[in-house]
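Worksheet for the structure shown next.
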Amino acid sequence: MVIIVGWAAGGRGHSVALTEAGAATAPPLATRIVPLAQLPGVIAAREASGPKPRWVWHDTAQWYPALLAAGVTIERCHDLRLCHAILHGSELAAARALHSGGVGESVWDAPPAPQLLTPPPPPHAASALFDIDDFGVSTAHGSARAQDATADETAPASAVEALAEWRRQTAAVAEGSAPERLRLLLAAESAGALMAAEMHAAGLPWRAEVHEHLLVATLGPKPVAGALPERMELRARAVRSALGEPELHLESQPRLLRALHRAGLMVESTSRWELRKHTHPVIEPLLEYKTLARLLSANGWAWLEEWVHAGRFRPTFVPGGVVTGRWASSGGGALQLPKQLRQAVLPDPGWALITADVAQLEPRVLAAMAGDAAMAAAGRGADLYEGIVASGAVDTREHAKLAVLGAMYGATTGESGRLVPRLRRAFPDAMRLVDRAAGAGERGEGVTTWLGRSSPPPGARWRTVQAAATQPGAGAAEERRARQSARDRGRFTRNFIVQGTAAEWALCWMAEIRLRLAALGDVPAASAAPRSGPAFARRAHLAFFLHDEIIVHAPREQVDAAASAVREAAASAGRLMFGGSSVDFPLELHLQHGASET
DNA sequence: CATGATAGCGCG
DNA sequence: AAAGCGCGCTATCATG
């Protein structure tokens with residue numbers, strides 16, 4: 001059972017049509033028109049009684065945050081925008097069915113709506129009334145897109161168009177070459193959309209005073225506006241005196257580079273990795289200065305002020321934001337938080353944080369995709385790289401890691417490139433899979449992940465370069481350029497199938513965690529953590545996700561059950577995607593308890 | 001004054 | 001100027 005959610009005809013911003021449907025090919029069962037203000041209540045009631053439907057809507061990021069602000073969560077959805085993007089490119093879908101007429105289906109091929117640049121107010125600040133602004137539809141990009149549509153019915157957010165698009169998508173999956181895999185991918189992607197909104201609503205527990213303490217300990221006391229922190233100022237002076245240039249401005253790379261040259265340091269850039277190779281009195285203070293400057297500009301007092309409110313860091317996660325299917329983020333640099341700052345991530349009193357990451361996810365996914373028994377065996381323990389050493393393919397863990405990364409990224413030179421052939425002998429099945437993906441990419445063909453996300457086709461510029469090399473008058477320069485860009489694309493497609501399938505595994509894992517945590521239900525009001533917002537104040541929930549790592553925030557009463565859920569979900573994700581594969585996905589799991597409640 | 005490109009560095 | 005993939009963000013500098 002699905003329920004299509006969209007604006008009623010002529011009701012944009014005021015009334016919502018809820019259309020129940022069974023089979024996509026049969027007429028809808030019933031349609032109910034609901035005033036917008038009543039939507040959370042209606043959805044909550046439907047979730048609470050009887051079998052839970054799959055809610056089908058055009059864009060989770062537009063509809064769900066307001067439900068969450070009202071304290072309402074749903075179990076399952078189908079995000080038409082994200083699913084369209086997958087099906088549109090997928091070699092496993094029936095493209096004809098996706099574009100089989102229907103009014104306004106082309107709106108689904110438009111580029112995704114830009115993300116909001118400013119974070120929405122924290123849930124506790126949101127109006128208790130359920131007003132239109134909470135839906136995001138009347139805000140910047142939502143209204144722009146809506147007004148662009150000539151008629152309500154052909155806008156993606158209308159119930160009529162959502163139903164039509166859902167039918168096209170269902171057909172594109174059913175008539176494609178691997179309906180089960182695509183169905184799993186679309187369900188996982190849609191669950192990801194829910195989780196992204198939920199994690200934003202709940203936020204990552206962040207102790208500003210711990211962060212501030214770290215800043216003071218590293219940089220010195222918070223400087224007055226316009227001044228450098230004490231420790232940076234000291235390092236800057238040491239650099240200027242080592243170079244004998246008291247007026248030097250360190251933030252300007254060209255000027256710094258010229259000063260280094262005048263001091264006899266003939267580097268070609270001011271980057272860390274190159275400076276490190278030289279010996280000179282300026283190197284140490286300069287590298288230290290750069291480290292401090294990075295901390296200050298990326299995650300200093302200004303960052304704290306902008307991104308941490310009421311004990312939570314709330315980044316905007318962007319599901320499907322990367323071509324491979326990985327998530328991107330927008331605002332706050334959520335995916336680049338320096339490890340150093342993890343100290344500030346601490347559970348609320350009476351709660352705990354569970355941090356879990358998958359050891360060597362990508363090579364394990366590769367072993368499973370390729371059905372490489374030798375590589376699966378090497379991964380049987382907790383550390384795949386040690387397993388590779390034990391297999392005799394290479395002599396040290398460091399070499400194993402270099403070789404594996406080189407195999408997945410397409411290294412040809414250096415230490416990594418030299419080690420890859422040894423891997424090719426030890427794990428021929430796995431290597432054949434990535435080598436074939438690279439070959440396809442070099443020829444301009446597409447590649448597809450395990451569940452069905454396909455690589456984007458080469459662009460016009462790439463094809464022009466290739467074509468130029470085969471022209472009668474083509475010279476060595478054209479050929480070299482063509483070979484270069486072919487190999488660049490080969491490295492991209494080689495990595496695409498692994499990175500993309502790993503992203504699918506992570507989505508399945510996380511979606512499974514989410515369902516298991518939801519099944520734990522609420523704890524007593526006495527244990528509530530209101531800062532997590534009305535939807536999650538009394539339930540274990542996901543708080544953060546980073547490619548192969550998750551953080552769960554759980555009330556003390558649910559910690560053990562939540563940790564089990566995280567572990568069991570990993571095993572479940574492996575089975576769901578790879579069936580009877582013998583590849584393990586071991587987790588590294590850490591528990592952190594908050595202070596006792598007083 | 002705004003926009004775009006580049007360098008550099010953080011994450012997986 | 002990374003060998004070898006995918007990102008986001010900040011600061012600077014060039015261009016419109």
Side-chain angles (χ1 to χ4, degrees), chain A residues 115 117 228 249-258 266-278 286-300 302-303 306-307 315-342 357-363 365-366 401-420 423 434 437-438 441 447 449 453 455-456 484 487-503 505-506 544-550 588:
Chain A
Q115 294 299 309
L117 295 178
L228 280 185
H249 179 59
L250 297 187
E251 302 300 323
S252 166
Q253 283 137 11
R255 279 183 261 180
L256 176 59
L257 191 60
R258 283 195 297 273
M266 303 315 281
V267 288
E268 286 178 27
S269 74
T270 65
S271 63
R272 203 174 194 86
W273 68 269
E274 193 180 359
L275 289 171
R276 233 184 328 236
K277 295 188 297 197
H278 292 80
L286 180 53
L287 292 185
E288 281 178 23
Y289 177 87
K290 279 168 162 276
T291 303
L292 299 178
R294 168 77 193 189
L295 176 63
L296 176 68
S297 69
N299 298 102
W303 182 91
E306 185 176 359
W307 292 104
T316 301
F317 292 97
V318 186
V322 178
V323 280
T324 58
R326 272 188 173 184
W327 287 17
S329 72
S330 128
L335 272 42
Q336 309 122 252
L337 284 178
K339 285 186 169 174
Q340 189 188 14
L341 283 183
R342 289 296 189 91
D357 66 88
V358 199
Q360 304 102 29
L361 174 59
E362 292 192 352
V365 157
L366 170 58
K401 187 174 177 175
L402 272 174
V404 166
L405 292 179
M408 295 187 307
Y409 295 161
T412 53
T413 64
E415 179 112 55
S416 182
R418 276 199 300 281
L419 288 163
V420 171
L423 225 54
V434 285
V447 296
T449 61
R453 193 185 306 259
S455 61
Q484 178 66 42
R487 285 193 180 145
D488 288 348
R489 185 156 193 280
R491 285 195 303 277
F492 166 66
T493 51
R494 169 191 292 273
N495 186 248
F496 182 94
I497 58 165
V498 181
Q499 186 181 119
T501 304
W505 189 95
F544 194 69
F545 170 54
L546 181 53
H547 306 319
D548 60 358
E549 171 192 353
I550 54 97
E588 235 171 71

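Every chain is numbered from 1, with letters handed out A, B, ... down the list of sequences.
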Practice item. Please report the C-alpha distance between A:Lys277 and A:Glu268 in whole Å, then the side-chain angles of each, then the deciding distance to 0.1 Å, and finally whether the salt bridge (charged side-chain N to carboxylate O under 4.0 Å, His left out) criterion is met. Key: CA-CA 12 Å; A:Lys277 295 188 297 197; A:Glu268 286 178 27; over 6 Å; no
Within the 4.0 Å heavy-atom criterion, would you say [X] contacts the bases, only the backbone, or no part of the nucleic acid?
X        : result
A:Thr291 : nothing
A:Arg272 : sugar-phosphate
A:Leu337 : sugar-phosphate

Is it true that a side-chain atom of A:Thr501 and a backbone atom of A:Thr449 form a donor plus acceptor pair closer than 3.5 Å?
->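 No; judged by distance alone, with no hydrogens or angles, the pair does not exist.
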request  = Without swapping roles, check the side chain of A:Arg453 against the backbone of A:Val323 for a donor-acceptor pair under 3.5 Å.
outcome  = no
Using side-chain hydrogen bond (donor to acceptor under 3.5 Å, both in side chains) as the criterion, list what pairs up with [X], not counting sequence neighbours.
X        : answer
A:Asp488 : A:Gln484, A:Arg491
A:Arg489 : none
A:Tyr409 : none

Please report, rounded to the nearest Å, how far the [atom2] atom of [N] is from the [atom1] atom of [X].
X        : N      : atom1 : atom2 : answer
A:Leu296 : B:dC9  : CG    : P     : 16 Å
A:Phe317 : B:dC11 : CZ    : P     : 16 Å
A:Tyr289 : C:dT10 : OH    : P     : 17 Å
A:Gln360 : B:dG12 : CD    : C1'   : 13 Å
A:Leu250 : B:dG8  : CG    : C1'   : 15 Å
A:Leu287 : B:dC9  : CG    : P     : 9 Å

* Carefully, step by step, assess A:Gln340 and A:Leu295 under the rule side chain to side chain contact (heavy atoms under 4.5 Å, CB included). => CA-CA 10 Å; A:Gln340 189 188 14; A:Leu295 176 63; 4.0 Å; yes
Ranking B:dG10, B:dG8, C:dC7 by distance to the side chain of A:Lys290, first place goes to B:dG8
Between the CG atom in A:Leu546 and the CG atom in A:Asp357, the distance rounded to the nearest 0.5 Å is 9.5 Å
Show each protein N/O and nucleotides 11-16 of chain C N/O combination with a separation under 3.5 Å, one pair to a line.
unit_1	atom_1	unit_2	atom_2	d
C:dC13	OP1	A:Ser252	OG	2.3

Determine the interatomic distance between [atom1] on [N] and the same-named atom on [M]; round to the nearest Å.
N      : M     : atom1 : value
C:dA1  : B:dG8 : C1'   : 12 Å
B:dT6  : C:dA2 : P     : 13 Å
B:dG12 : C:dG4 : P     : 22 Å

Its contact letters, B for base, S for sugar-phosphate only and - for none at protein heavy atoms under 4.0 Å, make nucleotides 1-6 of chain C read BSSBBB
Margin query: Run the salt bridge (charged side-chain N to carboxylate O under 4.0 Å, His left out) test on A:Arg342 and A:Glu549 for me, step by step, so that the C-alpha distance in whole Å, both residues' side-chain angles and the decisive distance to 0.1 Å come before the verdict.
Written below: CA-CA 13 Å; A:Arg342 289 296 189 91; A:Glu549 171 192 353; 3.0 Å; yes
**Study point:** Paired stretches of DNA chain C - 3 or more consecutive Watson-Crick or G-U pairs, each distance under 3.5 Å
**Key:**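 The stems are B:1-12 with C:5-16.
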